[in-house]
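Numbering starts at 1 and runs along the sequence shown. Just so it is clear, the model here is predicted, and its values are computed rather than measured.
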Amino acid sequence: MIPEHARIAGEDALNDAIDILKRGGLVAFPTETVYGLGADARNPVAVRRIFAVKQRPANHPLIVHLADVSQLAQWAQAIPDVAWRLAEQFWPGPLAMILPKHPDVPLEVTGGQQTVALRIPDNPLALALLRQFGSGIAAPSANRFNHVSPTQAAHVLSELGDRIELILDGGDCRVGLESTIVDLTGCQPRILRPGHISPEQIADVIGQPVTLSNGIETRAPGTLALHYAPDTPSALCTQSELLQQVAEYLSKKRSVGILSWRDYPQFEGRVRLQKMSDDPVAYGHDLYAALRQLDQQGLDKILVEAVPDDESWLAVNDRLRKATAAISV
Ligand code: AMP
Ligand code: MG
């Protein structure tokens, strides 16, 4: 039976978490990127529950989380040398690798594909859970499909608290943006989703260039046009568009929120400003909590000011574009 509200607990609930996973249930747990919604990756029935709870289409693959690189060969095959080098350099850490799947990996996990996404998360509670479980845990972000990813246990509770039994609370996620995903199954390594680990860092380790996917041909939720989105209509705009839009909204007596790395003292008291850092790492860390804050204000519109268009902002830019994809100013 699933209680109306999930229990939020810490390390003391690890044994309960293992019991739940072993009987095919779901446990939300912290990682350094965002909170995951975990199920036994070898159990197709449990994995199907993830899709039901998230209301996620079944053809969108999940990332399998492991405790140790020694497990890699149980989940992937024909593992190229570059995969071992990337694992050595970046695991545990915010990098997921796409590899040819081992025949035992259920197709439910891979969305019907012959490839699998694997990663070792860098979070003590996640690693303790994975070690004690002793096998792979399939986990997408613990939010409703297409919605803003959770970076605190309370976010998971508000997204899925009526649908799951247990949320392991590891505090605030250190990185706050989803992992970098690198596809190692083609002729050349390809980034499917930018994240904290940059294309240059990957290229440095493998000694060859990596390409950036345009995301169109990949069947992957993080690559859909609209993703990570608040419920309030949100638009990405330049500073001049923002100034013009705010003036327009205020003149029509409509409520508007701003998410920006700049300050707007002239609007104080009249608009809801979510002031962000001008450092891309800090901005990325705070982004989802800030979007949630704005989303709870019942605003008519959220205006997201564009960030610099350079390499260091790649992951943040990707998420901002997806959070606002439905609407332009
Ligand atoms: P989420 O579960 O919301 O964090 O998203 C998981 C991500 O894993 C998706 O955005 C996909 O891009 C990626 N993914 C998982 N498995 C595969 C795969 N076999 N091929 C391509 N992408 C994958
Ligand atoms: Mg997600």
Side-chain angles (χ1 to χ4, degrees), residues 10-11 13-14 17-18 21 27-42 61-76 79-99 101-102 105 109 115-142 149-153 156 167-184 189 191-206 210 222 281 284-285 288 315:
E11 209 178 333
L14 270 181
I18 301 294
L21 292 173
V27 174
F29 64 98
T31 79
E32 82 282 32
T33 60
V34 301
Y35 274 74
L37 178 62
D40 179 354
R42 294 271 192 226
L62 307 175
I63 295 174
V64 176
H65 295 71
L66 305 175
D68 193 272
V69 75
S70 61
Q71 294 169 298
L72 194 55
Q74 295 158 29
W75 296 88
I79 302 169
D81 180 51
V82 290
W84 297 108
R85 299 212 312 263
L86 289 171
E88 164 139 5
Q89 183 68 33
F90 296 117
W91 282 356
L95 177 71
M97 294 190 229
I98 311 290
L99 293 166
K101 86 175 191 69
H102 187 284
V105 180
V109 170
T115 56
V116 63
L118 296 163
R119 123 176 158 88
I120 301 179
D122 184 18
N123 174 285
L125 201 47
L127 286 171
L129 179 75
L130 286 159
R131 268 189 219 113
Q132 202 170 321
F133 187 60
S135 179
I137 297 179
S141 52
S149 297
T151 57
Q152 295 167 15
V156 183
I167 301 168
L168 291 177
D169 187 353
D172 202 22
C173 297
R174 177 172 59 80
V175 173
L177 292 182
E178 299 79 359
S179 55
T180 305
I181 301 179
V182 61
D183 182 355
L184 300 175
I191 306 281
L192 302 187
R193 176 171 74 186
H196 187 67
I197 294 176
S198 68
E200 297 69 43
Q201 282 176 289
I202 294 173
D204 278 354
V205 171
I206 63 181
V210 291
V281 174
H285 173 269
Y288 290 138

Heavy-atom side-chain proximity of [X] to [Y] below 4.5 angstrom:
| X | Y | value |
| --- | --- | --- |
| F90 | T180 | no |
| L177 | Y288 | yes |
| L130 | P121 | yes |
| L127 | I120 | yes |
| F133 | H65 | no |
| D204 | Q201 | no |
| S179 | I197 | no |

Residues L72, W84; criterion side chain to side chain contact (heavy atoms under 4.5 Å, CB included); working and verdict: CA-CA 9 Å; L72 194 55; W84 297 108; 3.6 Å; yes
To the nearest 0.5 angstrom, please state how far the [atom1] atom of [X] sits from the [atom2] atom of [Y].
| X | Y | atom1 | atom2 | value |
| --- | --- | --- | --- | --- |
| I137 | L129 | CD1 | CG | 4.0 Å |
| R119 | I63 | CZ | CD1 | 6.5 Å |
| L118 | I98 | CG | CD1 | 8.0 Å |
| I167 | L37 | CD1 | CG | 9.5 Å |
| L125 | L14 | CG | CG | 5.5 Å |

[X] side-chain N/O to [Y] backbone N/O, donor-acceptor pair under 3.5 Å:
| X | Y | value |
| --- | --- | --- |
| R174 | E32 | no |
| H285 | C173 | yes |
| Y35 | G170 | yes |

Which heavy atom in [X] sits nearest to a heavy atom in [Y], and how many Å separate them?
| X | Y | result |
| --- | --- | --- |
| W91 | L95 | NE1-O, 2.8 Å |
| D40 | R42 | OD1-N, 2.9 Å |
| N123 | A126 | OD1-N, 3.0 Å |
| V205 | Q89 | CG2-CG, 3.5 Å |
| P94 | T33 | CB-CG2, 3.6 Å |
| V210 | P199 | CG2-O, 3.5 Å |

Stepwise side chain to side chain contact (heavy atoms under 4.5 Å, CB included) test for D183 and T115: CA-CA 9 Å; D183 182 355; T115 56; 5.7 Å; no
Residue E11 excluded, over 12 heavy atoms near CD under 6.0 Å: no
Distance-only side-chain donor-acceptor flag, E178 / S149, under 3.5 Å: yes
